[in-house]
Amino acid sequence: MYKTLTSLTLTLALLSSCSQPSASRTPTSTPSAYVSDGQVPEGARLEAAVAAVEPYLKDGSPGTDGRLYPLYRQLKAGENHFYTASEKEAEEKKQAGYITEGKIGYLLAKPEDGTRPFYHLFGRNDHFYTTSHQEAVDAVQKYQYQFVNISGFLYADKAPGTVPLYRHFNGSSHFYTTSSQESQSIPSSGWKLEGIAGYVPELHQ
């Protein structure tokens, strides 16, 4: 009887261990394009994050050609700005206390010639966006940011029908705008122009 119970216990233990996920298993992207461990994805994981962008944006209202999704700028007073081309996510942020300031351009749902991923990272109560993979890695490794997702795609260089997306920093958080007038006026409020993050398709009038 003792041998039978011991054998049964070992069998159950083996079955249980086989059902546990491997600790080394690579996290997969969810439909919201988030990667669970906060590290900037590379290789196959980057490909998965890129593929996840389209389902992440699909609940929105794309432009007439189906390629472009409006990029919303939102503000939580006293905290930070947030940017998304996902209408669902924008609505969730409104429920969390963010105010939508408007649309500032478009992001593409799929990579095209001349485009780059728009990496979204969060840390120090700052939503930081960049098209540079290395800068995203540095933000995680040097400044304790966490990779959130690829929010969409924009152009690395000026292309027909696109406008610059200016990036600013005030020492604690980042701010992005496609308005050259706004970009020139906000330094008086303590924002320093860091450059052009990329070029986004201009809003249709």
Side-chain angles (χ1 to χ4, degrees), residues 27-41 45-111 115-131 133 135-136 139-140 143-154 165-170 172-179 182 186 191 197-198 200-204:
T28 57
S29 296
T30 67
S32 64
Y34 281 64
V35 176
S36 62
D37 66 359
Q39 299 297 307
V40 182
R45 293 181 63 226
L46 178 56
E47 292 178 6
V50 165
V53 174
E54 189 173 18
Y56 164 66
L57 299 181
K58 70 178 182 179
D59 292 328
S61 301
T64 54
D65 59 5
R67 298 166 48 246
L68 309 176
Y69 286 77
L71 176 60
Y72 295 91
R73 187 174 85 193
Q74 298 179 289
L75 170 67
K76 192 167 188 179
E79 293 195 24
N80 53 52
H81 279 87
F82 181 79
Y83 303 80
T84 183
S86 165
E87 286 189 6
K88 179 180 179 181
E89 189 172 47
E91 185 59 34
E92 289 172 352
K93 287 297 182 183
K94 286 173 64 176
Q95 300 302 318
Y98 282 79
I99 297 172
T100 300
E101 294 187 320
K103 304 171 185 176
I104 62 173
Y106 291 98
L107 291 182
L108 287 80
K110 293 181 179 181
T115 65
R116 292 180 181 172
F118 198 37
Y119 297 94
H120 174 199
L121 301 102
F122 181 75
R124 304 181 177 188
N125 201 33
D126 173 36
H127 291 282
F128 173 50
Y129 301 80
T130 179
T131 56
H133 185 274
E135 189 174 40
V140 171
Y143 304 107
Q144 294 75 55
Y145 280 74
Q146 294 287 304
F147 171 77
V148 179
N149 70 353
I150 293 174
S151 296
F153 304 89
L154 46 70
L165 180 62
Y166 300 101
R167 184 177 108 189
H168 302 77
F169 187 58
N170 67 356
S172 60
S173 64
H174 286 83
F175 175 78
Y176 300 79
T177 180
T178 52
S179 167
E182 187 175 41
I186 62 169
W191 295 94
V200 297
E202 189 173 11
L203 285 172
H204 300 147

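Model, not experiment: these values are computed from the prediction.
Ring-plane geometry between Phe175 and Trp191 is classed as tilted, the angle between the planes lying from 30 to 60 degrees on a 0 to 90 degree scale.
Taking both residues in full, the closest heavy atoms of Ala49 and Ile150 are given as CB-CD1, 4.0 Å, listed atom of the first, atom of the second, then distance. In terms of heavy atoms, Phe82 sits closest to His120 at CE1-CE1, 3.5 Å. Shown here for Ile104 and Val200, the closest heavy-atom pair between the two residues is O-CG2, 4.2 Å. Thr177 approaches His168 most closely through the heavy-atom pair CG2-CE1, 3.9 Å. Looking at every heavy atom in both residues, Val40 comes nearest to Phe147 through N-CB, 3.9 Å. Closest approach of Phe153 to Ala109, counting heavy atoms only: CE1-O, 3.5 Å.
Taking the side chain to side chain donor-acceptor pair (under 3.5 Å) definition, one finds that Arg167 meets it with Glu135, Glu194, sequence neighbours left out.
Not less than 6.0 angstrom separates the ring centroid of His127 from the ring centroid of His81.
The distance from atom CG of Leu57 to atom CD of Glu89, rounded to the nearest 0.5 Å, is 9.0 Å. Annotation: the span from Glu54 atom CD to Tyr69 atom OH amounts to 6.5 Å, rounded to 0.5 Å. From Leu71, atom CG reaches atom CG of Leu154 across 8.5 Å, with rounding to the nearest 0.5 Å. Note: Leu108 CG to Leu68 CG = 5.0 Å, rounded to the nearest 0.5 Å. Annotation: the span from Tyr106 atom OH to Arg67 atom CZ amounts to 11.5 Å, rounded to 0.5 Å. With rounding to the nearest 0.5 angstrom, the CD atom of Gln74 is 10.0 Å from the CD1 atom of Ile99.
Put simply, the side chain of Tyr143 reaches to within 4.5 Å of the side chain of Arg124, judged on heavy atoms. In this structure the side chain of Glu92 never reaches within 4.5 angstrom of the side chain of Thr84, judged on heavy atoms.
Judged purely by atom type and a 3.5 angstrom limit, Lys76 uses its side chain to pair as donor or acceptor with the backbone of Ala96. Between the Glu101 side chain and the Leu75 main chain, no donor and acceptor come within less than 3.5 Å of each other. A donor-acceptor pair is defined here as one N or O able to donate and one able to accept, closer than 3.5 Å; no such pair exists between the side chain of Tyr83 and the backbone of Ser151.
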Determine, stepwise, if the pair Glu182 / Tyr166 fulfils side-chain hydrogen bond (donor to acceptor under 3.5 Å, both in side chains). CA-CA 10 Å; Glu182 187 175 41; Tyr166 300 101; over 6 Å; no
Output, in order, the C-alpha distance, side-chain angles, deciding distance and verdict of side-chain hydrogen bond (donor to acceptor under 3.5 Å, both in side chains) for Asn80 and Asp126. CA-CA 6 Å; Asn80 53 52; Asp126 173 36; over 6 Å; no
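Using a 4.0 Å cut-off between charged nitrogen and carboxylate oxygen, Lys88 and Glu91 do not count as a salt-bridge pair.
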